[in-house]
Protein chains: 2
Amino acid sequence: MNSKIFRETKQRNAIKRAIEAAGRPVGPKEILDLACGEVPNLGIATVYRNIKTMVEKGELDPVELPGQAPRYQAPAEKKPHLFICEKTDRVFTIDPKAADFKPSLPEGFVLERFQIICYGEYKK
Amino acid sequence: MNSKIFRETKQRNAIKRAIEAAGRPVGPKEILDLACGEVPNLGIATVYRNIKTMVEKGELDPVELPGQAPRYQAPAEKKPHLFICEKTDRVFTIDPKAADFKPSLPEGFVLERFQIICYGEYKK
DNA sequence: TTAACTGCAAACCCTTTGCACGGTG
DNA sequence: CACCGTGCAAAGGGTTTGCAGTTAA
């Protein structure tokens, strides 16, 4: 059956709010730490299970970046490209002027380098 | 002490040859499988240790890509950008005409999408 | 002969799963 | 009162480390 019923729990709400409050892609551990303020005994397994559920429902977007575990963000914040601060290890979505490679970074950050990653298929 | 002496072993040579023969970034498991032809009892731990050693020596370049474990390639093959075949899960380095976003892909592959990943620092 | 290297197995870390209990609808 | 969700702990998968024996130089 595809018609699974999703329930509202204080854990799920805390997780959702934590991600929205972050305003940038965050990982499971960070989500746990943030949400623990609301739900002290929150388990990491619950965070993982809710992440999976919310991604399936389309309430959460996975953000995968090179050499790192995936992070997650609220869909509304989604922009096509990413900016990674190598000093603070925070990730931001950005909406660059791709045509001339002058991406508009978050205030206060400076661009050091970028990487283009192309995806495709073997069509033979 | 920085002056560690590196020795030549049949395992290390087999690993090195396997990576060079692949001609594209390969992961630890794939390296193990390839090198096992030469050294049957080769252990995965030896592969990991040699990868680390060779990266430190500059004989091997790590290639990190979104949502995947790192792969490794011989430095000579290094090109600025990557192409990922989502059908065969192989990775190639490419030298695209970045200015107009017409990367020259490996023969037979078609581009589906690309992602720009910017790296930088917080300078405040 | 020395000390780097190897294979094996155990340890680790992060993520997933099994289970009994608790809470939503 | 069904049954989904939770916390805990155990299980997985991939990577690293400890150890005793092996081997390059």
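Quick caveat, the model's predicted, so the values are computed rather than measured. Quick note on labels: first sequence line is chain A, next is B, and so on, each numbered from 1.
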Candidates [options] - which lies nearest the side chain of [X]:
X: Arg12(B); options: dG7(D), dC5(C), dT6(C); value: dC5(C)
X: Leu42(B); options: dG5(D), dG7(C), dG7(D); value: dG7(C)
X: Arg7(A); options: dG5(D), dT6(D), dT2(C); value: dG5(D)
X: Glu8(B); options: dA25(D), dT17(C), dT17(D); value: dA25(D)

According to a 4.5 Å side-chain heavy-atom criterion applied to Ile, Leu, Val, Met, Phe, Trp and Tyr, with indirect links allowed, do [X] and [Y] form part of one hydrophobic cluster?
X: Val55(B); Y: Phe6(B); result: no
X: Tyr72(B); Y: Leu34(B); result: no
X: Met54(B); Y: Val26(B); result: yes

Calculate the interatomic distance between [X] atom [atom1] and [N] atom [atom2]; express it in whole Å.
X: Lys16(A); N: dG5(D); atom1: NZ; atom2: C1'; value: 15 Å
X: Ile44(B); N: dG7(C); atom1: CD1; atom2: P; value: 11 Å
X: Asn13(B); N: dA25(D); atom1: CG; atom2: P; value: 9 Å

Fill in: N or O in side chain of Gln11(B) less than 4.0 angstrom from dG7(C) OP1/OP2
yes
Discussion item. If you compare every side-chain N and O of Thr9(A) against the phosphate oxygens of dT6(D) (OP1, OP2), does one of them come in below 4.0 Å?
Written reply: yes
Worksheet item: Quick check: does any side chain N or O of Arg71(B) sit under 3.5 Å from a backbone N or O of Pro62(B), one acting as donor and the other as acceptor?
Response: no
